[in-house]
Amino acid sequence: VHDQEMLRLMLPWLSFETTDGSVTLDELARRHQTVYFTRTVEEYRQVAAIAGAQGLAVVNGGYTYHATLVERFPAVRPDVRVAELDTSTVTAHLDLVDPADELALAGLLSLARRRLDALDCDVALRAFHPPTIAALHLDDRDARHERSRASAESEADDLWAGILASIKQEVPRALLVLNHRHPLVRRLGAMADSGLVELAVEALYGQALLMAARPLRPVDHALVNRTLSGLLEWAAAPPAEEPTA
């Protein structure tokens, strides 16, 4: 980290956890024009499956010195571009959906946005691999810090609430990306039962949070529990009786 000659000598031999497996940075640079990295293990887990499927080379920089070593890689290989991965980069690599297909799901998107607005989360429709993932939850450190600050402000006394309010930041909100390639997402757009669609949207949100392996807020825990109960009640509901002649 601190000695340029030691960096030049040792870096070619160090393996990193990446979306291409456990490889050296040299190997990664031979396969990709740009090497991205995250600063935390949480951020890496949030995007690894999707980023890898979209062809992005991402290094898990959450371990001690790994992010710093990746940042210093161009000092050894000036021809390599290194950049910190953010949610906008991931979103930009997801395929846009045909306008007609997006219009067909306009009702679903409107309902999902209304339902998740209170959770400080926006909704977008994209097409991405793998198609087995129905939804992807994306946010960054600034957004998480702002949510933590807002939560602390709501629970603090007047003095601390004022202090916390003074450091409020305007940051992009979290984003739930629905995958048009997943058949469930397409079927939801054709369902007439808005209550069931709302439960399904909440379930996709909870599943995406769990897939990202990040800590859940109390409100997220409550939503996951409520959604599971709601879906079980719907599945176990007795069939409607047919009218008698």
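- With hydrogens and angles ignored, the 3.5 Å screen pairs a side-chain donor or acceptor of Arg186 with a backbone N or O of His180.
- The cluster map of Ile, Leu, Val, Met, Phe, Trp and Tyr, joined by side-chain heavy atoms under 4.5 Å apart, puts Tyr63 and Phe73 in different clusters.
- Between Arg39 and Glu71 there is a salt bridge, since at least one side-chain N of the basic residue sits less than 4.0 Å from a carboxylate O of the acidic one.
- Atom OG1 of Thr34 sits about 11.0 Å away from atom CG of Leu85, to the nearest 0.5 Å.
- Side-chain contact between Asp20 and His32 is present, with heavy atoms from C-beta onward closer than 4.5 Å.
- Checking side-chain atoms of Arg113 against main-chain N and O of Val123 turns up a donor-acceptor pair under 3.5 Å.
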task: Output, in order, the C-alpha distance, side-chain angles, deciding distance and verdict of side-chain contact (heavy atoms from CB on, under 4.5 Å) for Tyr205 and Arg115.
output: CA-CA 10 Å; Tyr205 173 83; Arg115 179 62 196 90; over 6 Å; no
- request: Could you please spell out the steps behind the side-chain hydrogen bond (donor to acceptor under 3.5 Å, both in side chains) verdict for Glu43 and Thr38?
  value: CA-CA 6 Å; Glu43 290 171 354; Thr38 64; 4.9 Å; no
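- For the pair Leu184/Leu204, a side-chain contact is recorded, criterion being any heavy-atom separation below 4.5 Å from C-beta on.
- The shortest distance between side-chain heavy atoms of Val23 and Arg31 falls below 4.5 Å.
- Linking ILVMFWY side-chain heavy atoms closer than 4.5 Å, directly or via other members, places Val219 and Leu116 in a single hydrophobic cluster.
- Atom-to-atom distance recorded for Asp98:CG and Leu96:CG is 10.5 Å, nearest 0.5 angstrom.
- Remark: the backbone N or O of Thr18 is paired with a side-chain donor or acceptor of Tyr44 at under 3.5 angstrom.
- Of the possible donor and acceptor atoms, none in the side chain of Glu202 sits under 3.5 Å from a partner among the backbone N and O of Thr227.
- Of all non-hydrogen atoms in Ala135 and Leu176, the two that sit nearest each other are CB-CD1, 3.9 Å.
- For Gln4, the CD atom sits in a packed shell: over 12 heavy atoms of surrounding residues, nucleotides or ligands are nearer than 6.0 Å.
- In this structure, the separation between CG on Leu105 and CZ on Arg187 is 12.5 Å, given to the nearest 0.5 Å.
- A donor-acceptor contact shorter than 3.5 Å links the side chain of Arg72 to the backbone of Val1.
- Under the 4.5 Å side-chain contact rule for hydrophobic residues, Leu175 and Tyr36 share a cluster.
- Leu111 approaches Ser194 most closely through the heavy-atom pair CD1-O, 3.9 Å.
- Side-chain atoms of Thr19 come within 3.5 Å of backbone N or O of Val58 as a donor-acceptor pair.
- The structure places OG1 of Thr40 at 8.0 Å from CG of Asn60, a figure rounded to the nearest 0.5 Å.
- Of all heavy-atom pairs between Leu188 and Ala200, the closest is CD2-CB, 3.5 Å.
- Just one of Asp86, Ile50, Val47 meets the side chain to side chain contact (heavy atoms under 4.5 Å, CB included) condition when paired with Leu138; it is Val47.
- Using a 4.5 Å cut-off between side-chain heavy atoms of Ile, Leu, Val, Met, Phe, Trp and Tyr, with links allowed through other members, Val76 and Leu14 fall into the same hydrophobic cluster.
- The shortest heavy-atom contact between Pro12 and Asp26 is CB-OD2, 3.5 Å.
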message: I'd like to know whether Phe16 forms a side-chain contact (heavy atoms from CB on, under 4.5 Å) with Leu69, so could you lay out the CA-CA distance, the side-chain angles of the two residues, the decisive distance to 0.1 Å, and finally the verdict.
response: CA-CA 10 Å; Phe16 294 78; Leu69 289 171; 4.1 Å; yes
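- Across all non-hydrogen atoms, the minimal contact from Leu125 to Glu102 is CD2-CA, 4.0 Å.
- Using a 4.5 Å heavy-atom threshold, the side chains of Arg81 and Gln33 count as separate.
- Of all heavy-atom pairs between Asn179 and Ile133, the closest is ND2-O, 2.9 Å.
- Placement of Val177 and Leu103 in two distinct hydrophobic clusters is found when ILVMFWY residues are connected by side-chain heavy-atom separations under 4.5 Å, directly or transitively.
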task: Could you walk me through whether Met211 and His137 pass the side-chain contact (heavy atoms from CB on, under 4.5 Å) test, one step at a time?
output: CA-CA 8 Å; Met211 187 182 72; His137 185 271; over 6 Å; no
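- Note that CD of Gln46 and CG of Leu209 are 9.0 Å apart. Values are rounded to the nearest 0.5 Å.
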field: Leu231 vs Leu196, side-chain contact (heavy atoms from CB on, under 4.5 Å): CA-CA, chis, key distance, verdict
entry: CA-CA 8 Å; Leu231 289 174; Leu196 182 56; 4.2 Å; yes
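- Although no hydrogens or angles enter the test, the distance criterion places a donor-acceptor pair under 3.5 Å between the side chain of Ser229 and the main chain of Asn225.
- Annotation: the span from Leu109 atom CG to Arg114 atom CZ amounts to 11.0 Å, rounded to 0.5 Å.
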